[in-house]
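Both backbone and side-chain heavy atoms feed into the values below; hydrogens, waters and symmetry mates do not. Note that ligands are numbered from 1 as they come in the structure, with each ligand's atoms numbered from 1 the same way.
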Amino acid sequence: MCGIVGYVGKKNAVPILLDGLKQLEYRGYDSAGIAIIDNNQIDIIKEKGKIVNLENIIDKDLYSNIGIGHTRWATHGVPSNTNAHPHNVGKITLVHNGIIENYDELKKELTKKGYVFKSGTDTEVAAAVIDDVYNKEKDMIKVLNKITHILKGSYAFNIINDDYKDIIFGIRKDSPLIVGIGENENVLASDIPAIVHITNKYVVLDNYDVVYLTKDNVKYYNRAGKEIKK
Ligand code: GLU
């Protein structure tokens with residue numbers, strides 16, 4: 001289990017994500033990646049090895065007000081560019097810390113439904129589960145509540161959906177996730193060091209909490225889909 005950081009706000013997410021990931025380097029990792037919105041398209045950049053390798057292949061002019069980043073410690077699938085996060089399936093792009101224990105049976109079911117997998121990760125299977133449920137359900141809060149009954153194991157996710165390009169969605173179970181509350185900017189990360197360069201106000205999410213972040217709003221929901229205060 002390694003590091004996650006997501007940013008939505010008025011500044012350029014690219015250096016903020018890279019700085020946040022560097023603060024999580026102490027946890028160890030084998031690859032790193034980010035996803036941002038560039039010209040209304042999701043752009044995923046990921047690279048095996050150190051964060052500096054990733055930094056070296058990122059266009060210096062890359063700019064986005066929203067993004068998610070990850071350092072990976074491989075549990076399913078070798079350390080490689082393909083297995084590095086973020087993963088994209090259909091409308092869903094996400095990063096994940098944790099282990100999806102029932103990924104193998106889910107992969108078989110989703111393959112029968114027509115999903116094709118590019119990586120050897122459990123994470124890509126989780127992305128396909130979310131995409132599949134989203135295609136029927138359409139309401140991301142309900143989708144994320146539903147997947148807690150499908151996925152077994154541990155997870156902290158930062159998710160961007162192609163239909164809501166100004167929102168980061170998050171959910172966790174047995175893998176940490178905290179929300180950093182800023183001024184016209186918000187952060188969703190696996191650990192405090194990844195947010196202190198943005199804010200010193202934070203909220204620790206409980207298991208199954210669903211969170212929704214825009215640049216000026218954060219909303220929390222419980223497993224029943226009811227909005228809650230934190
Ligand atoms: N199980 C996932 C993978 O192997 C996530 C690992 C992590 O937490 O970094 O890609």
Side-chain angles (χ1 to χ4, degrees), residues 1-7 17-18 20-35 42 44-55 67-90 92-111 115-132 144 147-148 150-160 168-178 187-195 204-205 207-209 211:
M1 279 180 216
C2 236
I4 286 181
V5 56
Y7 174 86
L17 295 177
L18 291 170
L21 292 178
K22 283 180 192 163
Q23 299 308 317
L24 300 174
E25 279 196 296
Y26 71 94
R27 296 164 68 109
Y29 62 102
D30 55 61
S31 52
I34 62 168
I42 195 98
I44 297 177
I45 308 151
K46 49 192 190 172
E47 191 71 12
K48 190 180 158 186
K50 293 286 167 201
I51 294 167
V52 64
N53 301 0
L54 173 70
E55 217 166 3
I68 55 179
H70 188 259
T71 48
R72 176 176 188 237
W73 186 288
T75 65
H76 293 68
V78 295
S80 69
N81 289 358
T82 309
N83 288 338
H85 302 205
H87 288 280
N88 165 264
V89 178
I92 302 300
T93 301
L94 56 72
V95 292
H96 167 223
N97 279 167
I99 292 175
I100 307 302
E101 287 162 5
N102 57 338
Y103 85 102
D104 205 22
E105 62 183 88
L106 292 170
K107 195 171 187 173
K108 286 184 187 126
E109 284 169 26
L110 290 159
T111 304
Y115 282 94
V116 176
F117 294 92
K118 299 184 275 285
S119 79
T121 63
D122 51 339
T123 302
E124 192 185 11
V125 176
V129 167
I130 298 172
D131 184 66
D132 185 44
L144 296 180
I147 63 146
T148 65
I150 302 173
L151 302 180
K152 298 203 168 73
S154 58
Y155 44 83
F157 292 119
N158 271 19
I159 306 161
I160 295 178
I168 298 174
F169 296 94
I171 185 164
R172 66 155 292 215
K173 185 202 159 222
D174 296 338
S175 202
L177 205 54
I178 59 167
V187 211
L188 184 59
S190 54
D191 204 355
I192 292 166
I195 68 160
V204 178
L205 296 180
N207 272 349
Y208 303 117
D209 283 347
V211 67

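- No side-chain heavy atom of Tyr29 sits less than 4.5 Å from a side-chain heavy atom of Leu21.
- Residue Gly98 places at least one N or O, backbone or side chain, under 3.5 Å from an N or O of ligand 1.
- Atoms of ligand 1 lying under 4.0 Å from at least one heavy atom of His70, given by number and element, are 9 (O).
- Enclosure of atom NZ in Lys173 by more than 12 non-hydrogen atoms of other residues, nucleotides or ligands within 6.0 angstrom is indicated.
- No side-chain heavy atom of His87 sits less than 4.5 Å from a side-chain heavy atom of Lys118.
- Counting the atoms of ligand 1 from 1 in the order shown, those under 4.0 Å from a heavy atom of His76 are 4 (O).
- Using a 4.0 Å cut-off between heavy atoms, Asp122 contacts ligand 1 through its side chain alone, with no backbone atom that close.
- Counting only heavy atoms from C-beta outward, the side chains of Leu151 and Phe157 approach each other to under 4.5 Å.
- The option from Tyr29, Tyr103, Trp73 that lies nearest to atom 9 (O) of ligand 1, judged by heavy atoms, is Trp73.
- Contact of the Glu124 side chain with the Val89 side chain is registered, since non-hydrogen atoms from C-beta on lie closer than 4.5 Å.
- Residue Asn83 places no N or O, backbone or side chain, under 3.5 Å from any N or O of ligand 1.
- The closest side-chain heavy-atom distance from Ile68 to Ile4 is not below 4.5 Å.
- For the pair Asn158 and Leu177, the minimum side-chain heavy-atom distance is below 4.5 Å.
- Residue contact check: Thr123 has heavy atoms under 4.0 Å from atoms 2 (C), 3 (C), 5 (C), 10 (O) of ligand 1.
- In Asn97, the parts holding a heavy atom less than 4.0 Å from any atom of ligand 1 are both the side chain and the backbone.
- Residue contacts with ligand 1 leave out Gly77, since none of its heavy atoms falls under 4.0 Å from the ligand.
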